[in-house]
Structures are given as C-alpha cells and as structure tokens.
Amino acid sequence: MANENGQEKTEEPTAKREQDARKKGDIARSKELNTVMVLIVGSFMIWLTGDQIIKGMWQVMEGAFKIERNELFDPLVTVNNLQLAMQEALVFVAPFLAAMVVAAIAGPISMGGWSFSAEAIAPKASKMNPIEGFKRMFAVRSLIELVKSLLKFGLILGIMALLVEIYLPEFIYLTRLPLVEALIRASDVMTVSFVILCCSLLIVVAIDVPFSLWEYKKKLKMTLQEVKDEMKQTEGRPEVKGKVRQLQQELSQGRMLEEVPKADVIVTNPTHFAVAIKYDEGGSGAPIVVAKGADFMAAQIRNIAVGKGITLVSAPPLARALFFTTEIDEEVPRGLYLAVAQVLAYVYQLRIAKEKRWRKPAAPGDIPIPEEYKKYSNKTY
C-alpha cells in the first residue's frame with residue numbers, strides 16, 4: 001500500500017499517530033460487534049422478562065380501558081389515566097430498555113474504548129460530495145460489506161431452515177391445543193429461535209472483529225518519511241537539538257571548571273589532556289576526578305590551576321587512562337590507585353617542602369600503569 005508520494009507504508013503506526021487518530025474519532029470499530037451485542041442482549045432480555053412485560057402491559061391495558069361512564073366526559077380524567085398508564089408501562093419495560101442502552105454502549109467500548117470527538121461529528125464537504133459518494137459506493141470496503149451482508153443472509157437463512165426442521169412437529173402439534181395455550185407455546189418457541197439466531201451471528205463477529213482491527217492498523221501504517229517527519233516534530237529538528245546539546249554541554253563545562261580550584265593536582269598529557277583529582281585524606285573513599293578536558297578545555301583547566309596555585313604533574317599515560325576511563329565526580333579506577341597515589345605523594349612532599357622551605361623534591365618520572373590501561377596511550381579524543 002502506498003501513499004500519494006508513491007512510498008510504501010511499511011512502518012507500524014507510532015503512539016502519536018494512534019493518539020492523533022483517536023482525537024479525530026478514528027478508532028477501531030466493528031459494526032457487526034455492536035449490532036450482534038444489542039441483538040443478543042435484547043433476545044435474552046425478551047426471553048427472561050418477556051412474560052412479565054406482557055402480563056404488566058395486559059394489566060395496564062385492562063386498567064386503561066376500564067373507565068366509568070361519568071368519567072368519559074371529563075377530559076382531565078382521560079389525560080390523567082393516559083399519563084398513569086404510560087408511567088406503569090414504563091416501569092415494566094424499564095429493565096429491557098436499560099439493558100439495551102448498556103449493550104449499545106458496551107459494544108463500541110469493548111473494542112476501541114470510549115472516545116468522543118467533536119471533529120468526527122462536524123460536517124465535512126467531502127461527505128456531501130456526490131462524486132466522493134459514488135467512489136465510496138464502488139470502493140473495496142463497500143464490496144467487503146456486500147460480501148458480509150450476503151454471508152449473514154446465508155447464515156441466518158440456513159439457521160432458520162434448521163430451526164423450522166427441528167420445530168416443525170412442534171408447530172403441527174400446536175393446532176391441537178387450545179388457543180391461549182397454543183399462543184403461549186408458540187411465543188416460547190419463537191423466543192428461543194430468536195435467541196439462537198442472534199447467537200449464530202457470533203460467527204460473523206468472530207470474523208469481522210479481527211478483520212476490522214487488521215484493517216485499522218493497515219490504515220494507520222506510515223511510510224518511513226512520515227516516521228522521520230513525526231520524530232522531527234516531536235523531538236525537534238536536528239539543528240535545534242544540536243544547539244540544545246551545545247548549551248547543555250557549556251553549562252556542564254562551566255560547573256566543572258568551578259570545581260578545578262578544589263582539586264589537589266592536575267595530571268596532564270601535558271598539552272592535549274588534563275584531569276583534576278581531589279582526595280579527601282580524612283575520608284574512606286578513593287581519589288575523585290572533579291574535572292577533565294581535552295585540547296581547549298584542558299588548557300582552561302591548566303590556566304585555572306596555575307592561577308590558584310594547584311600543582312600540575314605531567315604523566316601522559318596516566319592522564320590519558322584517567323580521561324578515557326572515568327567520568328566527572330567518579331572515583332579513579334582501582335587499577336590506577338597506585339599510579340595516582342605516587343602523584344599525590346609527590347604533591348604532599350611538595351607542600352611540606354614549601355612549608356619547611358626545603359629543597360623542592362624531584363617530579364616523578366615515568367609513572368607505570370597496568371597493562372590493560374596502556375591501550376589508551378595512542379587513543380585520540
């Protein structure tokens with residue numbers, strides 16, 4: 001199936017597509033389900049309450065036709081009697097009417113759920129266009145409806161023929177019964193036959209409901225371009241999302257740079273990478289990476305560190321390993337504990353030498369790192 005652009009509708013409908021269709025009142029519906037549910041509920045209600053309704057209506061009619069001679073010439077009495085008769089009749093048929101209303105509502109809800117859309121009931125020019133009407137008359141959907149109607153007719157005709165064959169001896173026997181008894185028996189047989197006929201239509205419902213669901217899903221299917229366009233509308237265009245990500249990144253980097261002055265040491269590459277490490281001597285945790293950056297961001301970290309008097313230690317393998325294996329506010333990996341400890345030991349020796357005015361200790365040379373971290377030595381950002 002293709003749209004007007006010639007693209008195949010191969011993609012399943014998105015949640016937004018289904019939601020938009022529901023807002024327009026376009027939901028999965030089965031006319032057969034609605035009709036059969038009303039018929040079945042109506043037939044069972046006639047079976048269960050038919051006797052009470054007939055007896056009640058008989059009482060109402062008896063009371064309505066029993067009028068005193070002097071009341072015939074009083075218009076108010078006649079109106080009051082009619083009103084009273086209607087109220088009494090309504091009491092007898094109220095359960096039947098209530099069950100029919102419930103069935104009429106439950107049928108659509110059981111398949112597509114409850115939905116009310118003002119757009120669905122609004123007048124549309126296309127519905128009043130005779131040309132469009134002729135197209136709908138000769139559309140595939142109309143052909144399918146015709147086939148369903150013929151199948152229903154054939155099914156009902158077959159069931160009726162079977163019932164006639166079953167109950168034919170019964171109808172012949174009715175001719176031997178008194179009139180009132182024959183009418184009661186005939187009404188029972190007709191009621192049971194009506195219930196069976198209505199229940200037989202469940203076969204049509206069992207076919208129509210899956211077909212209606214499949215047809216509805218097929219109608220809502222989308223082309224790949226429609227899916228892409230919808231994603232752009234819901235999530236924003238790529239250039240907008242890129243700008244948002246850039247702003248978020250800038251805010252994150254700004255907060256990160258604010259943490260650099262709190263660091264104990266900056267491990268550098270020395271030019272391409274910089275990682276700021278903080279260690280709480282009184283705590284029980286491992287050293288934490290409070291900031292990291294490459295190229296321009298690394299230069300900013302180094303400039304802030306120099307301005308705040310924070311020690312910079314050049315250890316290229318360690319700087320690269322820390323940059324690629326840790327995130328901000330995370331502890332350094334267990335495998336790099338020893339290497340980071342050597343750097344921190346040098347920083348503490350440097351602080352003591354400065355306080356005591358001793359000779360400045362030599363910076364650590366080639367700080368060894370575990371073999372599994374050496375793969376980051378040649379990795380680029």
Side-chain angles (χ1 to χ4, degrees), residues 241-242 244-381:
K241 291 196 293 184
V244 171
R245 282 197 298 267
Q246 182 182 352
L247 292 174
Q248 291 174 341
Q249 188 176 8
E250 290 176 356
L251 290 173
S252 175
Q253 291 175 349
R255 289 192 296 268
M256 179 185 69
L257 292 175
E258 293 177 357
E259 298 296 317
V260 174
K262 303 176 183 178
D264 293 308
V265 64
I266 309 297
V267 182
T268 65
N269 191 40
T271 56
H272 294 294
F273 297 94
V275 180
I277 297 175
K278 177 183 178 182
Y279 179 60
D280 184 5
E281 297 183 46
S284 57
I288 296 174
V289 174
V290 296
K292 69 174 186 176
D295 299 330
F296 178 72
M297 182 57 60
Q300 286 187 293
I301 292 174
R302 291 195 302 271
N303 291 336
I304 295 174
V306 171
K308 298 295 182 179
I310 299 172
T311 305
L312 275 67
V313 175
S314 177
L318 178 58
R320 286 176 171 271
L322 288 170
F323 181 86
F324 288 110
T325 59
T326 59
E327 297 297 333
I328 306 301
D329 295 329
E330 282 187 0
E331 294 183 352
V332 300
R334 186 179 297 273
L336 297 177
Y337 278 2
L338 181 58
V340 173
Q342 294 182 42
V343 173
L344 290 173
Y346 165 71
V347 172
Y348 297 148
Q349 292 174 5
L350 197 62
R351 290 178 183 173
I352 294 174
K354 186 175 181 180
E355 292 175 1
K356 303 292 186 179
R357 294 187 178 179
W358 293 348
R359 188 173 63 181
K360 181 179 178 181
D366 185 16
I367 300 177
I369 60 174
E371 191 67 30
E372 64 266 23
Y373 292 96
K374 291 183 179 180
K375 60 184 178 180
Y376 300 108
S377 298
N378 298 320
K379 188 175 180 179
T380 57
Y381 178 61

Enquirer: Side chains of Lys292 and Glu327: closer than 4.5 Å at any heavy-atom pair?
Expert: yes
Enquirer: Assess the residue pair Val313 and Leu318 against the criterion (side-chain contact (heavy atoms from CB on, under 4.5 Å)); give the C-alpha distance rounded to whole Å, side-chain angles, the decisive distance to 0.1 Å, and a yes or no.
Expert: CA-CA 10 Å; Val313 175; Leu318 178 58; over 6 Å; no
Enquirer: What pairs with Lys262 under salt bridge (Lys or Arg N to Asp or Glu O under 4.0 Å), at least two apart in sequence or on another chain?
Expert: Glu259
Enquirer: What are the two closest non-hydrogen atoms of Leu322 and Pro333, and how far apart are they?
Expert: CD2-CD, 4.4 Å
Enquirer: Would you say that Val290 contacts Val260 through its side chain, given a criterion of any heavy-atom pair below 4.5 Å between the two side chains?
Expert: no
Enquirer: Minimum heavy-atom separation for Ala319 to Val275, with atom names?
Expert: O-CG2, 3.8 Å
Enquirer: Return the set of residues passing side-chain hydrogen bond (donor to acceptor under 3.5 Å, both in side chains) with Lys374 (not counting sequence neighbours), or none when no residue passes.
Expert: Glu371
Enquirer: Under 3.5 Å, side-chain donor or acceptor atoms of residues 298-306 against the rest of the protein: list the pairs with distances, not counting sequence neighbours.
Expert:
{"from": "Arg302", "atom 1": "NH1", "to": "Pro270", "atom 2": "O", "distance (Å)": "3.3"}
{"from": "Arg302", "atom 1": "NH1", "to": "Thr271", "atom 2": "O", "distance (Å)": "2.9"}
{"from": "Asn303", "atom 1": "ND2", "to": "Ala299", "atom 2": "O", "distance (Å)": "3.2"}

Enquirer: In sequence, state the C-alpha distance, the side-chain angles, and the governing distance for His272 and Asp295, and then conclude on side-chain contact (heavy atoms from CB on, under 4.5 Å).
Expert: CA-CA 5 Å; His272 294 294; Asp295 299 330; 3.2 Å; yes
Enquirer: Tell me every residue that passes side-chain contact (heavy atoms from CB on, under 4.5 Å) with Pro361, counting only those two or more places apart in sequence or in another chain.
Expert: Tyr346, Gln349, Leu350, Ala353
Enquirer: Starting at OG1 of Thr325, measure out to CD of Glu330 and round the result to the nearest 0.5 Å.
Expert: 9.0 Å
Enquirer: By the definition side-chain contact (heavy atoms from CB on, under 4.5 Å), identify the one residue from Val343, Val340, Leu338, Val267 that meets it with Ile367.
Expert: Val343
Enquirer: Using side-chain hydrogen bond (donor to acceptor under 3.5 Å, both in side chains) as the criterion, list what pairs up with Asp264, not counting sequence neighbours.
Expert: Arg351
Enquirer: What closest approach, in Å, do Asn269 and Pro316 show between heavy atoms, and which atom pair accounts for it?
Expert: O-CG, 2.9 Å
Enquirer: Which atoms form the tightest heavy-atom contact between Tyr373 and Ala321, and what is the distance?
Expert: CB-CB, 4.0 Å
Enquirer: Using side-chain heavy atoms (C-beta onward) and a distance below 4.5 Å, is Leu336 in contact with Thr326?
Expert: no
Enquirer: Which residues satisfy the side-chain hydrogen bond (donor to acceptor under 3.5 Å, both in side chains) test with Glu355, sequence neighbours excluded?
Expert: none
